[in-house]
There are 4 protein chains.
Amino acid sequence: MAAKPKLKDTRDARHRRLTMKDLRAAARRLKNWGRWGKDDEIGTLNYVTPGDIVAAAMLVRKGRVMSLALNFDQYGPQGGKSKYPSLGRFNPVHLMLRTGTDAWSGVLDHRKIRGTDDLIIMPLQCGTQWDGLGHIMYGDHMWNGYDCRTVTSAGAQKAGIEKTRERMVGRGVLLDVARAMGKKSLPDGFAITNEILDYTAEKQGVIVRRADYLLVRTGHVERCLAAKSWDGYSGGDAPGLAFETLDWLQEKQVAAIVTDTWGVEVRPNETDQATQPWHWIAIPIMGLTVGEIFFLGDLAADCARDGRYEFMFVAPALPITGAVGSPVNPLAIK
Amino acid sequence: MAAKPKLKDTRDARHRRLTMKDLRAAARRLKNWGRWGKDDEIGTLNYVTPGDIVAAAMLVRKGRVMSLALNFDQYGPQGGKSKYPSLGRFNPVHLMLRTGTDAWSGVLDHRKIRGTDDLIIMPLQCGTQWDGLGHIMYGDHMWNGYDCRTVTSAGAQKAGIEKTRERMVGRGVLLDVARAMGKKSLPDGFAITNEILDYTAEKQGVIVRRADYLLVRTGHVERCLAAKSWDGYSGGDAPGLAFETLDWLQEKQVAAIVTDTWGVEVRPNETDQATQPWHWIAIPIMGLTVGEIFFLGDLAADCARDGRYEFMFVAPALPITGAVGSPVNPLAIK
Amino acid sequence: MAAKPKLKDTRDARHRRLTMKDLRAAARRLKNWGRWGKDDEIGTLNYVTPGDIVAAAMLVRKGRVMSLALNFDQYGPQGGKSKYPSLGRFNPVHLMLRTGTDAWSGVLDHRKIRGTDDLIIMPLQCGTQWDGLGHIMYGDHMWNGYDCRTVTSAGAQKAGIEKTRERMVGRGVLLDVARAMGKKSLPDGFAITNEILDYTAEKQGVIVRRADYLLVRTGHVERCLAAKSWDGYSGGDAPGLAFETLDWLQEKQVAAIVTDTWGVEVRPNETDQATQPWHWIAIPIMGLTVGEIFFLGDLAADCARDGRYEFMFVAPALPITGAVGSPVNPLAIK
Amino acid sequence: MAAKPKLKDTRDARHRRLTMKDLRAAARRLKNWGRWGKDDEIGTLNYVTPGDIVAAAMLVRKGRVMSLALNFDQYGPQGGKSKYPSLGRFNPVHLMLRTGTDAWSGVLDHRKIRGTDDLIIMPLQCGTQWDGLGHIMYGDHMWNGYDCRTVTSAGAQKAGIEKTRERMVGRGVLLDVARAMGKKSLPDGFAITNEILDYTAEKQGVIVRRADYLLVRTGHVERCLAAKSWDGYSGGDAPGLAFETLDWLQEKQVAAIVTDTWGVEVRPNETDQATQPWHWIAIPIMGLTVGEIFFLGDLAADCARDGRYEFMFVAPALPITGAVGSPVNPLAIK
């Protein structure tokens, strides 16, 4: 086993030193536009082959299904206090069209059936979610070089989340960074570097490969659940991936990257010149599918127990036409 | 192979002869209350064991993923003309919180990121969907004998769809009744009987077993797609399961039953005394999970091609707390 | 002028001494069921005659229009911190269907018009609002003795707010209790008694009459605006009418009663046995139309300036069929 | 009295002869930018003075209040069949948060109050409505020359409907063109010219003046109500104002113009080069406030009866911050 890396306090050392020049260089270096054809709308999900899916299914050995979703309700992660400006997202509003109390009251009986019905109003990125490739622009362009005006008030004409309807199946790999670092949860501002990713993988005895759905656990969701408060979670400071992981992910050719944080990357961000600089590159430049606000606690406990950090991963987005995100109930099947 | 059944015109013969006495007898005969304990909230999903999940995963042989969802958008099945009273459902309303045109216009740049965001308003049963066990009441009770007042304006306090968050994985079996009958799509009013189900299974060379997610294809969705009109689909006349299939499904111990119609059972219904009499029994009495408005066309074509009508089925509901239904992107993986 | 009443600390003296017996007695004493016929759906709004409307219009002398609404937006009174359980209301969500940035981006030009459009999602009682007569039940009945099951998931079949569509016009009278008490705003828990109402009217030189729209100012909204925080406002402690004012209002025969608080009556309530006991009687028993969360600051300043506390009041509810409340932009015209 | 104009079939004679050159000339000729200062956000509503409001109130003589709104519900004008592309508007969706059936079922009693509550989802221009001045752009500009990017996904930063919160009060004048033409309702494609407006006013014995809220009746809404169908109403062919009326309205200096049609102007439009050419000029160039889908039937009958076509008009928009339209319950008070 490799020598343990020292856990540096990354807040002072790493933050706020990125410049726009670095972003532009990364954009040039990591640009996948055209890699899967000029009409591609799904980016790195293309890495997954039928063979990968067959292999992923073979990881199902004990028949255990674990959901990686938070329930969608008024107790979700939106609405906590924040020192940052709001994005206008809110927790799901679930409303009934017909109820059991209507039934009991007899007011439905003229229909000759006692049925209930319901409705939801929800920002598509208010909880456990996939970001679509239309979610972030780089300058005037989105993924694959499409004009950013492709995403209008009528939705994303290109790379809408519905294009992934038959994807999001493959080998899942968990990198439990919090556990590897000996922490219940990583502190806000903690930047997960390439070195730490490699260290975690090695410690777990797992190798990250092409076409993996890579899940990185910081423990942030569990920290909030334990505190019974989402204050500071949505849009606030958080542990997360360092900017340099973009190169690592590109090299590994992962299909998607997922975390248990609000926005994958470390916050405060590593620069004052851009907000969420990692996103500037990951989504529009690399075409990398990103999952956020996943609940990785149960899975992590299971992996720690049986020592297997790989599993079949099935997390189908709702095919909402033209959407730039989707709520999801991701399943890890072992 | 068994002798082919003659396709009877079932409309005259079978319809409108059920009485409330029949419903009450079925309720007595098929009641599963308490079968999985007095606190059970998921009914027939209990049939699925870890071993079934492992076995289901072994059906993944060619790495093909097929989505069984219709896209969720304004062109969905709601809003067509109907001679029946409306249930108040409508197609999803997808709205943007921030757009690429905002980005292009420069109005987002004060945020130092060009991001888009969106929101949906949708009845939970407006498209491809799971019915929750709180969706239908039998008298003053819902599944497992819970008081129907358990489903209030605040949602289902028992058997909410979120209780299925780690279910909906198993062996899927398609019974392509339309194809077995030599039809592109079965006509409205066509009642699928037990005999027809058996005949189809036998013709396909597949055996329906305990814990299966059973998908029955009538061709109804594809008929509407071909006609470019959903008129009459939602809540209208349709081919579908006969009331007698309740006994068949109980005997087979399926985990769930799915169709490509709006409401599983044949319409006009087999009685004038109850609306959707099959639902009266299936959901609250048997605890049977029901899927509707599935798109089975691609899957059916694939099964006809390779002769394999079984597959891994993964169709996780969104865990919306207290919901009596959920939109879903169901996947058949072969 | 009457001797000034001493401002008692009403919190200890008056609170929590009402019993269910008192509520029942009030219900018997104040019941207006049948007073305007067995089919009536608007209650005390019936007090207003055409002559009252003509007289109200004659109060318009300087041509000044004052809006008594808070703007409807995300900065509204919902969502503040509260020690009381939530009612599930939230601030309006305003969303665009087409934008000026779409226009600028050229993506609308295929329509040959550059138009914008928008949409709102809002609880009907999230801001400046009328309560409908279906908003509160007394036992199993609503206003005029209608069965409470009249208000189903499909809305109020009786006394929906749309029944007031040609009402809400008449003489408005402001009782600026805060000013009369020499306070910028009355403290939470301050109970406005009949004596205080009379005192305020007398001090202002105004007489409350049959058919008045009576506006009572506590200064609560302005206190929150000054504090730039709605914490504790919605559903929290507040100054407000004492239970005994029900008799006073009945005797005066006002058309409606309005305050600048969340819920008219003093909070903490005057009893632990009922929540909002004043509401139990005012709405279902008396048929009294109630307005809440009105902004009375500008009007109060104007009245103090010109010494005229009467005006033409026009505050049409949106005629939303079956609604139990309505947002409103109430106008005082002097 | 003037000689009666012959009712020409205007469809052939007038339609489709406008060119972009005509629009540009009208934009130059009618531009009111800067007329009320460079910071103005309410346009022609500025015409109304306090004296006008006092005078309007004096028109209240019999104390009759007439609502000019259609009720807001699922039976509204959206959703009818149309040969034109959809704008994505739909009828209001009214949902309950708590019901009387909940009350009857006892499930609310832990709150110690039996209260109901509700919520609405509605496009702001789905029914009886005011257009805001941010609703239409002319090229890259909106009213008063503001940049069209002023209306983003976050709403209208300038000239939002909330800026009119203390307006919409004044003298109303009805021009009942349908009645003047001897028709129950004008046919689709009928262009109301300046000559017809003058003729109608003269026939009615009313003079249109500065600061009037001018209501023009075609009978279109009543035609649909009688037919029990809104097919073709929203966005379809309709009678309406000719393009030339822009000059007439400018000269008269009306505060606002209102019709009982979906979109004020005649449809099919008078040109193929622009959609709703009258709107291109009226809203962004003239700053004219426009009301649509008003129900003028009761008012027209009353005016015909008493011969008085003027009244006090009070139609406050909901002050929704940043909105480009608002539902309204407009009142005519006589």
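So you know, we letter chains A, B, ... as the sequences are listed, proteins then strands, and number each from 1. Just so we're clear, the structure is a prediction, and the values are computed from it rather than from any experiment.
Distance check, rounded to the nearest 0.5 Å: CD of B/Glu162 to OG1 of B/Thr164 gives 8.0 Å. Note that CZ of A/Arg171 is 14.5 Å distant from CD1 of A/Ile53, once rounded to the nearest 0.5 Å.
Between B/Asp147 and B/Lys158 no salt bridge is recorded (no basic side-chain N to carboxylate O distance below 4.0 Å).
Only the side chain of A/Met312 comes within contact range of chain B, with heavy atoms under 4.5 Å apart. Both the backbone and the side chain of B/Arg111 have a heavy atom closer than 4.5 Å to some heavy atom of chain A. If you measure heavy-atom distances from A/Thr150 to chain B, you find no contacts under 4.5 Å at all. Both the backbone and the side chain of A/Leu87 come within contact range of chain B, judged by heavy atoms closer than 4.5 Å. If you measure heavy-atom distances from A/Ala315 to chain B, you find no contacts under 4.5 Å at all. Neither the backbone nor the side chain of A/Tyr138 comes within contact range of chain B; no heavy atoms are under 4.5 Å apart. Of the two parts of A/Pro92, neither the backbone nor the side chain holds a non-hydrogen atom closer than 4.5 Å to a non-hydrogen atom of chain B. Looking at A/Leu331, only its side chain comes within 4.5 Å of chain B, counting heavy atoms on both sides. Proximity to chain A is absent for every atom of B/Tyr75, based on heavy atoms less than 4.5 angstrom apart. Residue contact with chain B, scored on non-hydrogen atoms closer than 4.5 Å, is absent for A/Val48. For chain A, the nearby parts of B/Met122 are the backbone and the side chain; heavy atoms of each come within less than 4.5 Å. With a 4.5 Å cut-off on non-hydrogen atoms, A/Gln273 touches chain B through its backbone but not through its side chain.
Contact count against chain B (heavy-atom pairs under 4.5 Å) is highest for A/Asp117 among A/Ile136, A/Val60, A/Val169, A/Asp117. Among the candidates A/Asp118, A/Ile320, A/Leu318, the residue making the largest number of heavy-atom pairs closer than 4.5 Å to chain B is A/Asp118. In terms of heavy-atom pairs under 4.5 angstrom with chain B, the leader among A/Met137, A/Arg149, A/Met96 is A/Arg149.
Ring planes of A/Phe313 and A/Phe294: parallel class, angle under 30° (limits at 30 and 60°).
Residues in residues 311-334 of chain B take part in these side-chain hydrogen bond (donor to acceptor under 3.5 Å, both in side chains) pairs, two or more places apart or across chains: A/Asp73-B/Thr321, B/Ser67-B/Asn329, B/Asp302-B/Lys334, B/Asp306-B/Lys334.
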